[in-house]
Amino acid sequence: MPADRLAQIPPYLFAGINRLKAEMLAQGIDVIDLGAGAPDRPAPEHVVEALKASGADPASHRYPPYDGTPSFKRAVSRWYDSRFGVSLDPDSEVIALTGSKEGLVHLVWAMAGPGDVVLVPDPGYPAYRTAALLAGAEPIAVPLLAEHGDFPDLDAVDAGVLARAKLLFLSYPNNPTGAVATLERFAGVIAWARRHGILVVHDAAYAELGFDGHVAPSILQVSGAREHAVEFNSLSKSHGMAGFRLGMAVGNAEAIGALALLKSNVDTGVFQAVQDAGVAALDGPQDHLPVWRALYQERRDAARAGFARLGWPEVPCGGGFFLWLPTPGGMSSADFARTVLERCFVIVAPGAAYGDAGEGYFRVALVSEAGRILEAIARLETAGIRFSARSFHGARSFHGARSFHEEGPCS
Ligand SMILES: *Cc1c(COP(=O)(O)O)cnc(C)c1O
């Protein structure tokens, strides 16, 4: 019998979708998966070469230092300096992570417990919320508001909640909404954190993927921010290294120290060859980035134009690799995701998976070729699925029409 704390984790909304997908694939059906956010670009060649070379060196086969190799931590510090103009002490303000998700979850465990509140953006990356639950703390959602530049209205947070709040999570460019931050917004958050003694945890997983010339700021660029903030970064999205499992947390030395202490009791560091590949990634040429940004932006534009043809409003998307769209007629996000999978063999992520404010939305990942994304949209069109704010337009033609199971997949 698993521990009670596991029962608190909300049901995984993708479970049903993944089961259906597996059945369809087994039947040989061509499923287009726009749900998962796994980057489709491989790591640059020089990164792979560094991994191979270091992997072949017996020195890498030993236990690595718990909190990161000195060379990786110095490379992170150099990269923050050149990319953001932020200087970091590699010994006390930088830690290597087995991917940033691991670090985010362990930071909550290190900094919050029963009686504490963790403020989580709604919609937001689900791990923030589950990390709070696993730590025995209480996650409280703060809605992202268009009228606040897609930031939460922190002055609206209840005083009783504020008094118990230890951490505030934020992430820009945002998964799932594609919203981006300005330095002014970050400065406002840091001023609020200073007033209330709350640690801001900024997840910058998509910092290198700004569109239309947007260069994502680091929250640590705000003066005095390291007193009140830590920032998580990942090489998964920026350097195609999702499978390598390498990320870093930087900033507030007390929080980095607490995370290091906790982690030293949980894991024993990241494979040195992976950290050496990380050094190559951070120190080496970044010329894949403009190419990838252009590619994702091209897919975003193609997807936006395709959805616009079916009546969808043009949604903002300033970075990351997701489009965040309303469901037709206010249909529930789970019903919509299930409908497009059953009728069109297309997977989208139901917005409710990202919080209550995600209900009535769905997320489209831009990690497939533009042609596949457009084919998915064409399948919706064939099925008569269009956007209308008032009603679910596809409904009538749906019930009347034969399903694709009978007709064969729409090509
Ligand atoms: C992908 C992602 C991460 C996790 O990345 P890692 O592979 O664990 O480094 C963290 N935050 C957000 C918002 C993400 O989308």
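- Using a cut-off of 4.0 Å between Lys/Arg side-chain N and Asp/Glu carboxylate O, K237 and E208 are scored as not salt-bridged.
- In this structure, E23 does not pair ionically with R19, as no charged nitrogen and carboxylate oxygen lie closer than 4.0 Å.
- Panel note: side chain H148, backbone R185; no donor-acceptor pair is recorded below 3.5 Å.
- At a threshold of 4.0 Å, the pair R41-E369 counts as salt-bridged, since one of the basic side-chain nitrogens sits closer than that to a carboxylate oxygen.
- From Y361, atom OH reaches atom OG1 of T177 across 10.0 Å, with rounding to the nearest 0.5 Å.
- Between L144 atom CG and L170 atom CG the span is 8.0 Å, to the nearest 0.5 Å.
- Taking CD1 of I347 as the start and CD1 of I17 as the end, the distance is 7.0 Å to the nearest 0.5 Å.
- Among F169, F84, F186, F232, the one residue that satisfies the ring pair (Phe, Tyr, Trp, His ring centres under 6.0 Å) test with H202 is F186.
- Summarising the local packing, CG of D4 is surrounded by 12 or fewer heavy atoms from other residues, nucleotides or ligands at distances under 6.0 Å.
- Using a distance-only test at 3.5 Å, with no hydrogens or angles considered, a donor-acceptor pair links the side chain of R299 to the main chain of S368.
- The environment of R194 atom CZ is dense: over 12 non-hydrogen atoms of other residues, nucleotides or ligands sit within 6.0 angstrom.
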Verify side-chain hydrogen bond (donor to acceptor under 3.5 Å, both in side chains) between Y80 and N233, making sure each step is shown before the conclusion.
CA-CA 10 Å; Y80 256 82; N233 248 291; 2.7 Å; yes
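- For the pair D33 and R372, the salt-bridge criterion is not met [side-chain N within less than 4.0 Å of a carboxylate O].
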*Report the C-alpha distance between S333 and T327 in whole Å, list the side-chain angles of each, state the deciding distance to 0.1 Å, and finish with yes or no for side-chain hydrogen bond (donor to acceptor under 3.5 Å, both in side chains).*
CA-CA 7 Å; S333 61; T327 60; over 6 Å; no
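- Within 6.0 Å of atom CH2 in W79, more than 12 heavy atoms from other residues, nucleotides or ligands are found, so the atom counts as buried in its surroundings.
- Under the 3.5 Å distance criterion, the side-chain polar atoms of R129 are left unmatched by any main-chain donor or acceptor of V120.
- Not a single donor-acceptor pair under 3.5 Å links the side chain of H228 to the backbone N or O of R195.
- Taking OG of S77 as the start and CE of M248 as the end, the distance is 10.5 Å to the nearest 0.5 Å.
- The existence of a salt bridge linking D116 and R164 is excluded, since no basic side-chain nitrogen approaches an acidic carboxylate oxygen closer than 4.0 Å.
- Rounding to the nearest 0.5 Å places CG of D81 at 8.5 Å from CG of L88.
- Of the charged side-chain nitrogens involved, none lies within less than 4.0 Å of a carboxylate oxygen, so that D67 and K263 do not count as a salt-bridged pair.
- Within the 6.0 Å centre-distance limit, the rings of Y206 and F321 are counted as a close aromatic pair.
- With Q286 contributing its side chain and G284 its backbone, the two residues share a donor-acceptor pair below 3.5 Å.
- Sparse packing is recorded around CZ of R338, with 12 or fewer heavy atoms of other residues, nucleotides or ligands lying under 6.0 Å away.
- Of the charged side-chain nitrogens involved, at least one lies within less than 4.0 Å of a carboxylate oxygen, so that E93 and R226 count as a salt-bridged pair.
- Among residues two or more places apart in sequence or in another chain, the salt bridge (charged side-chain N to carboxylate O under 4.0 Å, His left out) test is passed with E49 by K52.
- Taking a 6.0 Å sphere around CG of D212, one finds it holds more than 12 heavy atoms contributed by other residues, nucleotides or ligands.
- Taking the six-membered ring for Trp and the full ring otherwise, the centers of Y172 and F151 sit less than 6.0 Å from each other.
- Using a 30° and 60° split on the angle between ring planes, F14 and Y354 fall in the perpendicular class, above 60°.
- In this structure, L34 CG and L366 CG are separated by 8.5 Å, a value rounded to the nearest 0.5 Å.
- The residues D89 and R74 are annotated as not salt-bridged, no charged nitrogen and carboxylate oxygen being separated by less than 4.0 angstrom.
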